[in-house]
Each structure stands twice: as C-alpha cells, then as structure tokens.
Amino acid sequence: MILVTGGLGFIGSHTVVSLQEKGHEVLIVDDLSNATTDVLSGIKQASGIRPAFEKLDLQDAVGVKKLFETYSISGIIHFAAFKAVGESVQKPIAYYQNNLGSLLNLLAEIEKSTTPIPFIFSSSCTVYGEADSLPINEDAAIKAAMSPYGNTKQIGEEIIVDSVKAIKDFRAICLRYFNPIGAHPSIAIGELPLGRPQNLVPFITQTAAGIFPKLTVFGNDYPTPDGTNIRDYIHVVDLAEAHVVALERILTGASNDRYEVFNLGTGKGSSVLEVITSFERVSGKKLAYTFGSKREGDVVAAYADTSKANAVLGWKTKRSLDEAVSSAWKWEQKIRDC
Ligand code: WQD
C-alpha cells in the first residue's frame, strides 16, 4: 500500500489518481486542515477507485505508530505540510512544529521498520531563493530561506539526507516543484484554496468568476521583458505523474544513489502578463487587473533546468501553459457553477 500524506490536497489528490491509474493501492492520511473528504469522491470520479483514508495529524506520534501497525505500507509520498509562504511569517512556530514534527514522526517509524520504506519528499524551488543563474539546476546554491515555510523545506531535506545516511538501505527522493497549476481533465479534482488565494492562477480564475473585482499584478518594473516576474508553471497532472515515476524508481531500486533530488518544472519561464494573456486566450474573457507594488519575498525569475529529470527519470512535461490554465478555468467554472 502506498501512503500518501496530505493526499486530499491539490498536488496530493492528483498524485493519488496517477498512482491508481498505474495500479497502486493508496492510503491517504490527511488532517483535514486544508481540505475536506469531498475530495475522496472527486478522486473516485477521476480514477474510478476510492482510496483508503485515515484522518490523522502526523504530529501525533502515537497515531503515526498505530497507522504503521495497522497498514502494510510499502512506499510513502509525503505532501502533508502547511504551505502558505505569507502565513508562515506570521505563524513560524506552527509551521516548524507541523512541517518538521510530521516528517520526524514518519522517519521514526521508518527507522523502526524491518525493511526501510521508500520515501518521496515534497519540496519546492523556493529552497533556491533568487538563483544566481537560470535555468535552475539541482546543484544550484541553496540560499538562506526567505520564509519559515521555505526553511521547513530546506531543513526537511537535510533531515532526510541525514536519515538516509543513518538508516541502512533507506532510499529517498526529494522533488523540488516549481509552480503547480491546473486541474485533472475530469475536473473532478482541482485547486481549492481556502480563503483568499495566495497564488496567481487561482486568483485569476476567482477574479474571472467574479469573486474578486480585479487581480493586482505585484509589480511591473522588474528587470524582465515585460516588467512582470517570471515563474515555471507546471500542469499539476504532469507533476503528479513525476511522483509515480520517482516512487517506482526507488521501489525497483533502479537508482544507485540512496538519495536523489529532482527539479520538476517545464523548463520554460512565463511572466505574470503571459499567464494573464494565456487565460484570456483560453477563456475568451478579458481579465480585470491592475499593477500594484512588488510583493515582499518575490524573486525576479525562477524556472527549472529539467535535464536531470528528463535524463534520469525519463520524465518530461507533456502539457502546455494554455492547457494548464484552461483546466484551472474549467475547474473554477465547475465549482462556482459560473
Ligand atoms: C506567482 C507569481 C507573484 C498573486 C509560491 C511558493 C512556492 C510554491 C508555489 C508551495 C509571482 C505573482 C501572485 C497575485 C501576482 N508553493 N502574483 N498577483 O510565489 O512563485 O510560489 O507558490 O510549494 O513554494 O513560494 O507563486 O502563485 O504566489 O506567485 O502578481 O495576486 O504571480 O508576484 O510573480 P510563487 P504565486
């Protein structure tokens, strides 16, 4: 059984569907802090299979121990974490307690298990900060974290590196995502930010749905071709498929190294204005937006060098920016009935 922690979340739920499509049996553990069990029905609608589910806060060490005693877990994909950059600045203690406490409880069970369980860690390009050169490869310098959220990802990676060294035969892969967007083609699952969305694409689609009067573009005087900053927007289904490839790589012991890191992106940078143009093209709607001041902590540009994932995992993105933005809009129209 593959344990997917945070499996009711945006990337988690899409990864569960991709795992099921490849024949894997899935157990979702989620604390429901940022998702509801309605997502289970969405997953069933998308894949035809309702995964096993346990509500559990992974900070509960006794609960985690009981989970591993109850289920025969053969692999773990660990998404469960608080992930709002801005919120992490306001609530650093909760972020460190949850994001690192959960990880440590899982690793403690792996350390006790007779055969170490392969582990996929959900990390982020945020660990690179403002990279010295673009595109960003896995050997790029890890800069001082620009938020407690980003720091929990950096520290999480270090904890895993040390655990791989200490635990015989333990194998882990760390996946550093760029900017996941979009929704499953069935539109049975998608991105469901609770409250005011922090991220660009849900803000665009919610503005177009009439929830907000307009989008504020955070700065248009960056040193970029159109003045707005640049990111690598990856379709969430491409990202989900990469997780299955990575898990199967360690399940089969294909890798020589017991710890590997991969950047997961399209390899192409898109500016905020290019994403807006993409939305207007795929929706046929004009988006109301205005230019505002820069957002604290935003880097000018970040997009992935995907050559390692392409060569070693044999994985590359298949879906375009337009397809991702279009799927996000279809999802928004469905959930808002607009
Ligand atoms: C994208 C671009 C904004 C909102 C964050 C985390 C990263 C990962 C993805 C978890 C930026 C601009 C945004 C708006 C705007 N999360 N923007 N108006 O900040 O690149 O990455 O989310 O793993 O770790 O750091 O994503 O979608 O917030 O911003 O102009 O209302 O859109 O300035 O250039 P970001 P984002």
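Indexing begins at 1, ligand by ligand and atom by atom, following the structure's order. Along the sequence shown, residues are numbered consecutively beginning with 1.
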Report all N/O contacts between ligand 1 and the protein shorter than 3.5 Å as a table of atom names and distances to 0.1 Å; if there are none, say 'none'.
unit_1, atom_1, unit_2, atom_2, d
ligand 1, 18 (N), T216, O, 2.8
ligand 1, 19 (O), R295, NH2, 2.8
ligand 1, 20 (O), N179, ND2, 3.0
ligand 1, 20 (O), R231, NE, 2.6
ligand 1, 22 (O), N199, ND2, 3.0
ligand 1, 23 (O), Y149, OH, 2.6
ligand 1, 24 (O), S124, OG, 2.9
ligand 1, 26 (O), N179, ND2, 3.1
ligand 1, 27 (O), N199, ND2, 3.3
ligand 1, 27 (O), L200, N, 2.8
ligand 1, 28 (O), Q198, O, 3.4
ligand 1, 28 (O), N199, ND2, 3.1
ligand 1, 28 (O), R295, NH1, 3.2
ligand 1, 28 (O), R295, NH2, 2.9
ligand 1, 29 (O), R295, NH2, 3.2
ligand 1, 30 (O), F218, N, 2.9
ligand 1, 33 (O), D298, OD2, 2.6
ligand 1, 34 (O), N229, OD1, 2.1
ligand 1, 34 (O), N229, ND2, 3.2

Next item on the list: Any salt bridge (charged side-chain N to carboxylate O under 4.0 Å, His left out) involving residues 215-238? Give me the pairs, sequence neighbours left out, ordered by first then second residue.
Entry: D221-K294, R231-D298, D238-R319
Item checked: Pair K66 + E69: basic N to acidic O under 4.0 Å -> no
Check: Which ILVMFWY residues are connected to Y303, directly or by a chain of links, through side-chain heavy atoms under 4.5 Å apart?
Finding: V127, Y128, L134, I136, I142, F178, I230
Checklist line | Polar side chain donor-acceptor pair, S18 to K22, under 3.5 angstrom | finding: no
Margin query: Applying ring pair (Phe, Tyr, Trp, His ring centres under 6.0 Å), can you list everything that pairs with F262, at least two apart in sequence or on another chain?
Written below: none
Item checked: Sub-6.0 Å ring centroid separation between H243 and Y177 -> yes
